[in-house]
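A quick write-up on the structure given underneath.
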Amino acid sequence: MVYDAGAGSSPAAEPAAPAGSPLRVILTRGFARQVLAGRWFTVFASLLIMAASGATYIFAAYSGALKSALGYDQRALNTVSFAKDLGANLGVLPGLLNEVTPPWAVLAAGAAMNLAGYLMVYLAVSGRTARPPLWLLCLYFFAGANSQAFANTGALVTCVKNFPESRGVVIGILKGFVGLSGAVYTQLYLAFYGGEDPESLILLIAWLPAAVSVVFVHTVRYMPYPRRRGGKETSTNPFFCFLYLSIALACFLLVMIVVQRQEYKIHRERQLDDALRAAGPPPTITVVDAAASNHVQMSTDTKKAEQQPVAPPPTSRSTPSSSPSSCSGRLGGCVRTMFRPPARGEDHSILQALVSVDMLVLFVSAICGVGGTLTAIDNMGQIGQSLGYPSRSTNTFVSLISIWNYAGRVTAGYASEAVLSRHRVPRPLLLTLVLLLACAGHLLIAFGVPRSLYAASVVVGFCFGAQWPLVFAVISELFGLKRYSTLHNFGGMASPVGAYLLNVRVAGRLYDAEAARQRGGGACLGVECFRRSFLIIAAATALGAAVSLVLVWRTWGFYRGDIYARFRDGEGAAAGDSLPVGQPRRPGAEGEEAAAAVSGGKG
């Protein structure tokens, strides 16, 4: 215990800790409570939760086993992939739930959905339950992947509200860890199961994210944030420490990928040498009589057996249905306020944001950009197979996409914050540049340049990751933070919409048509399998870049101003108008806040 020497303590009392010796302070219970209750530990817990919530990005690692075990064609597999993407981005429920409950309730609900959904997928693929119909398997994937939306809402939205003056950096680093999780899962899969048991990978992604969320469920919460004094930054420097640690982790994973590729080549060469030695001397050819029908006698000691792939039976698709929502008794107020939004940067209601032209333009550009890159990510296993890459290369593609997905998210978050604060460059302009770069990755896949799929994985992963921090930061800047938990999840809906249009309706249909033309169904081989699909996707992405330029033009004047001035000067409500920690809510306040969120009233 540390005593204050100037407080009249007795001579027998323990002397005060000397200055410059912080160890005794750090080892006290009070300091430990301060750390565990601080907002920086909330950031740490959120990083771990986000790092475990990116299981949707490793679909390509087990999609082949899913396709063969359940007898699906490519359109059926892409329908399952669409259900996964829809669940991962349909965050209306967690957004509205986060408006009226603390973050721990959102995280707990997401953990339960993750465990239930992916556990049922594991039981179906492993044959421990009867083969489910396609619509039921889509429901399993939707429930399991929807936990990612709960994790994003519970962790990311909380941190953005705790650090509103550094939202670009916060979104970048947190989303970066989501992108990096694919490489983490791949390394765990290789370490525990040798990369040869896709069923165990599904089981891993069923229990691990749920366990991490449960461990830190009471750590993530809204906290008042200190104001900046004299315009000096107080909360960004620690994020750079997190950035450096994440870069070190990404570099380690990248080195592991290179080492594993080289070791795998050496292993295959040794296997080939052993097989040749076991086969004995090479076959001999003896010419008996060239004039007598050129008889050739060949002696060999080995025989080859070939197995022709059997085309799986056609499987029907099911499309999730949507149910309309209403204003429940406040229709008049909704109509009066939804078309009279406040100025850009001020807090919008949910309907005011959804009907705005800015949101429509941003949503269309995100559909084109995110939908195209996500189609490439989900089909990377089949793309590699059609172009003649070995099956083990799929894990390499998944890891490369994951690492560069992380790099894109972190780079977009930090770089956009830097150019915005120093040069007033609008974030939508950076989104345009990212979409143009994504076109190059799609063209590499379309033309099937030899050995170019590794480069395409890098480009596609980087561009997919870079889009999300930009989209989510633009939403928070244009429409405010008060209803950000719901609006953030609406922006994420661009992903399943784009995936359905470009993945299911374009890539899946054209792949099956080419496979039917080649061999009457089954696996498709050759560059033609995905050429037309990715030429269409490249054109759609270029269209998205042109649409995003419209948003650049509309928001140019807004971004030329100081959009974070009120957070530096101490104006505005702390932490997105959330209550201080531990303060109880007034009875009936939840219902009033939910109604105000939709209609734009004060509640």
Side-chain angles (χ1 to χ4, degrees), residues 42-59 61-62 84-91 93-95 97-98 103-119 121 141-160 170-189 201-217 219-220 242 246 249-250 253 374 377 398 401-403 405-406 408-410 413 461 464-465 468-469 472 485 488-489 491-492 495-496:
T42 296
V43 174
F44 168 74
S46 299
L47 289 174
L48 294 183
I49 291 173
M50 299 294 279
S53 66
T56 55
Y57 300 131
I58 60 173
F59 181 76
Y62 59 86
K84 167 187 67 71
D85 298 332
L86 180 65
N89 295 277
L90 185 60
L93 177 59
L97 184 64
N98 197 57
W104 68 262
V106 179
L107 293 174
M113 295 183 66
N114 184 91
L115 181 62
Y118 282 115
L119 184 60
V121 173
F141 267 99
F142 176 86
N146 197 230
S147 63
Q148 181 174 326
F150 280 80
N152 281 342
T153 303
L156 186 144
V157 174
T158 302
C159 287
V160 169
V170 172
I171 295 174
I173 191 68
L174 289 175
K175 281 293 184 180
F177 270 84
V178 176
L180 203 58
S181 65
V184 174
Y185 275 113
T186 301
Q187 294 304 316
L188 292 177
Y189 174 46
L201 176 61
I202 299 175
L203 182 61
L204 177 67
I205 64 179
W207 68 264
L208 183 58
V212 174
S213 294
V214 169
V215 169
F216 294 102
V217 70
T219 304
V220 180
F242 287 121
S246 65
L249 175 61
L253 294 172
L374 190 58
I377 292 173
V398 170
I401 289 173
S402 176
I403 291 175
N405 184 2
Y406 152 80
R409 294 171 187 241
V410 171
F464 177 77
W468 287 122
F472 292 146
S485 58
H488 154 271
N489 284 293
S495 178

Item to check | Partners passing side chain to side chain contact (heavy atoms under 4.5 Å, CB included) against S213 (at least two apart in sequence or in another chain) | outcome: I49, A111

Checklist entry - Is there a side-chain contact between F150 and N114, using heavy atoms and a 4.5 Å cut-off? => result no

Checklist entry - Between Y57 and V178, is any pair of side-chain heavy atoms under 4.5 Å apart? => result yes

Checklist entry - Closest heavy-atom contact between N489 and A149? => result OD1-O, 4.0 Å

Checklist entry - Taking the side chain as C-beta and beyond, is there a heavy-atom pair between F177 and F242 under 4.5 Å? => result no

Checklist outcome for this item: Here the pair of heavy atoms bringing T42 nearest to V220 is CG2-CA, 3.9 Å

Checklist entry - Do I171 and R409 have side-chain heavy atoms sitting under 4.5 Å apart? => result no

Checklist entry - Side chains of D85 and F59: closer than 4.5 Å at any heavy-atom pair? => result no

Checklist entry - Just checking, is any N or O donor in the side chain of N152 or S53 under 3.5 Å from an acceptor N or O on the other one? => result no

Next on the checklist: Could you report the tightest heavy-atom contact between S181 and G54, atom names first, then the distance?
Outcome noted: OG-CA, 3.0 Å

Checklist outcome for this item: Rounded to the nearest 0.5 Å, the OG atom of S46 sits from the CG atom of L107 at a distance of 8.0 Å

Checklist entry - Which pair of heavy atoms, one from T219 and one from A45, lies closest together, and at what distance? => result CG2-CB, 3.8 Å

Item to check | Closest heavy-atom pair and its distance - A250, I403 | outcome: O-CD1, 4.0 Å

Checklist entry - What residues form a salt bridge (charged side-chain N to carboxylate O under 4.0 Å, His left out) with K84, not counting sequence neighbours? => result D378

Checklist outcome for this item: In this structure, OH of Y62 is separated from OH of Y185 (nearest 0.5 Å) by 10.5 Å

Item to check | Within-4.5 Å side-chain heavy-atom neighbours: L203 and L119 | outcome: yes

Checklist outcome for this item: When rounded to the nearest 0.5 Å, the distance separating OH of Y118 from CD1 of I205 is 5.0 Å

Checklist outcome for this item: Between the CG atom in N405 and the CD1 atom in I377, the distance rounded to the nearest 0.5 Å is 6.0 Å

Checklist entry - S495: what forms a side chain to side chain contact (heavy atoms under 4.5 Å, CB included) with it, not counting sequence neighbours? => result N89, V370, L374, W468

Item to check | Nearest-0.5 Å distance that lies between atom CG in L253 and atom OH in Y406 | outcome: 10.0 Å

Checklist entry - Out of V157, T158, L156, which residue meets the side-chain contact (heavy atoms from CB on, under 4.5 Å) rule with V160? => result L156

Item to check | Heavy-atom donor-acceptor pair, N146 side chain to G87 backbone, under 3.5 Å | outcome: yes

Checklist outcome for this item: Between G95 and S485, the two heavy atoms sitting closest are O-OG, 3.3 Å

Checklist entry - Which distance, rounded to the nearest 0.5 Å, do you find between the CG of L208 and the CG of L115? => result 11.5 Å

Checklist entry - Between L174 and C159, is any pair of side-chain heavy atoms under 4.5 Å apart? => result yes

Item to check | Validation row: S402, I58 side chains within 4.5 angstrom (heavy atoms) | outcome: no

